[in-house]
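Everything below concerns the one structure shown next.
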Amino acid sequence: MTKLRYDPLIQLVHWLTLAAVVGVFMSGLIMEEMPRGPDKIALVGLHKSVGVVVLLLTVIRLAWRLLNPQPDSIPGAALTQMAARAMHMALYAALVAVPVIGIFMSWAHGRAVDVFGLFSLPPMIEADRALGERLGEMHEFAAWAIIVLAGVHALAAIVHQMVLKDGAIARMLPYGRPSGTA
């Protein structure tokens, strides 16, 4: 039996991750331009909370991927399939790295990471302003990497849908005709 579509849970996690990444990226851009004050503090708190959500969603997705069969690969050249796997692994790595770096950045600045007021991740390293600044640069660079990787991922999906017409996008949706169907 062939599996052509991702599980409903992974479909949901995929789209929730997209929404969370867009939100956390946009909040990061906005808060850089904001003056100090209570509004910026609130936005930074929301940014950190949603960043932790991105990390949790990614961990769920990776665990599910390890424990459940994935859809069959879309037929294509070996190089294309290798590039697709490399793209997914790079995106997963960035989705883990950005929030982890952000958490360590907060800790290096001597701040806990409060998650929606539900729980807090207290600093696990000694405060070090210089380290915090370096981690901030890494966090920003890696965040832009996610945007670039996600853009390439989306462009590839559009090419599959519009040019190759192989139904690849339907694999991540609850409807439509996934690849491999007649």
Side-chain angles (χ1 to χ4, degrees), residues 1-29 47-107 113 115 121 124 134-174 176 178-181:
M1 181 177 154
T2 59
K3 183 177 178 191
L4 301 174
R5 194 181 301 276
Y6 286 91
D7 299 305
L9 174 68
I10 292 308
Q11 291 176 10
L12 177 63
V13 169
H14 175 272
W15 297 110
L16 287 174
T17 302
L18 171 63
V21 165
V22 168
V24 77
F25 186 78
M26 295 305 296
S27 68
L29 293 176
H47 177 87
K48 289 178 183 183
S49 293
V50 176
V52 171
V53 168
V54 168
L55 179 60
L56 293 174
L57 288 169
T58 305
V59 167
I60 289 168
R61 184 143 178 206
L62 290 171
W64 192 263
R65 184 180 181 101
L66 289 173
L67 299 172
N68 293 281
Q70 298 300 297
D72 297 335
S73 295
I74 296 172
L79 185 60
T80 303
Q81 291 197 7
M82 187 172 70
R85 281 191 298 277
M87 167 62 74
H88 282 106
M89 291 304 114
L91 199 46
Y92 288 136
L95 288 168
V96 169
V98 172
V100 168
I101 294 168
I103 290 166
F104 275 87
M105 177 180 63
S106 290
W107 290 348
V113 176
V115 182
L121 304 172
M124 304 285 275
R134 285 193 305 276
L135 290 170
E137 291 170 10
M138 291 171 58
H139 183 69
E140 184 175 349
F141 177 83
W144 279 102
I146 287 177
I147 298 305
V148 170
L149 290 167
V152 171
H153 176 70
L155 181 61
I158 291 167
V159 167
H160 273 277
Q161 186 69 23
M162 306 302 285
V163 177
L164 301 176
K165 300 184 186 303
D166 60 11
I169 289 177
R171 294 160 54 94
M172 196 51 83
L173 296 171
S179 60
T181 59

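Within the 4.5 Å cutoff, no side-chain heavy atoms of Lys48 are placed close to those of Val115. Annotation: side chain of Tyr6 is in contact with side chain of Gln70 (closest heavy-atom distance under 4.5 Å). Contact of the Ile74 side chain with the Arg171 side chain is registered, since non-hydrogen atoms from C-beta on lie closer than 4.5 Å.
For the residue pair Gln161 and Gly167, the shortest heavy atom distance occurs at OE1-CA, 4.1 Å. Summarising the geometry of Pro99 relative to Ala94, their closest heavy-atom pair is CD-O, 4.2 Å, with the distance given to 0.1 Å. Gly51 and Val24 make their closest contact through N-CG2, 4.0 Å (heavy atoms, listed as atom of the first residue, atom of the second, distance). Met105 approaches Gly136 most closely through the heavy-atom pair SD-CA, 3.1 Å.
The CE atom of Met172 sits 7.5 Å away from the CD1 atom of Ile10 when rounded to the nearest 0.5 Å. Annotation: the span from Ile60 atom CD1 to Leu9 atom CG amounts to 7.5 Å, rounded to 0.5 Å. Atom CG of residue Leu135 and atom CH2 of residue Trp107 lie 11.5 Å apart, to the nearest 0.5 angstrom. Distance check, rounded to the nearest 0.5 Å: CD1 of Ile158 to CD1 of Ile169 gives 6.5 Å.
A search for side chain to side chain donor-acceptor pair (under 3.5 Å) contacts involving Asn68 returns nothing, not counting sequence neighbours. Residues forming a side chain to side chain donor-acceptor pair (under 3.5 Å) with Trp64 (at least two apart in sequence, or on another chain): Asp7. Evaluation of the side chain to side chain donor-acceptor pair (under 3.5 Å) rule for Ser27 yields His47 as partners, not counting sequence neighbours. Listed by chain and number, the residues in a side chain to side chain donor-acceptor pair (under 3.5 Å) with Arg65 are Tyr92 (sequence neighbours excluded).
Residue pairs meeting the ring pair (Phe, Tyr, Trp, His ring centres under 6.0 Å) criterion with at least one member in residues 135-167, sequence neighbours excluded, are Phe25-Trp144, His88-His153.
Considering Val54, Val53, Leu55 in turn, Val53 is the only one that fulfils the side-chain contact (heavy atoms from CB on, under 4.5 Å) rule with Leu57.
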Kindly list each side-chain donor-acceptor pair under 3.5 angstrom involving residues 16-23, sequence neighbours excluded, with atom names and distances?
residue: Thr17; atom: OG1; partner: Val13; partner atom: O; Å: 2.7

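For Met89, the CE atom sits in a packed shell: over 12 heavy atoms of surrounding residues, nucleotides or ligands are nearer than 6.0 Å.
Under the 3.5 Å distance criterion, the side-chain polar atoms of Arg5 are matched with a main-chain donor or acceptor of Leu173.
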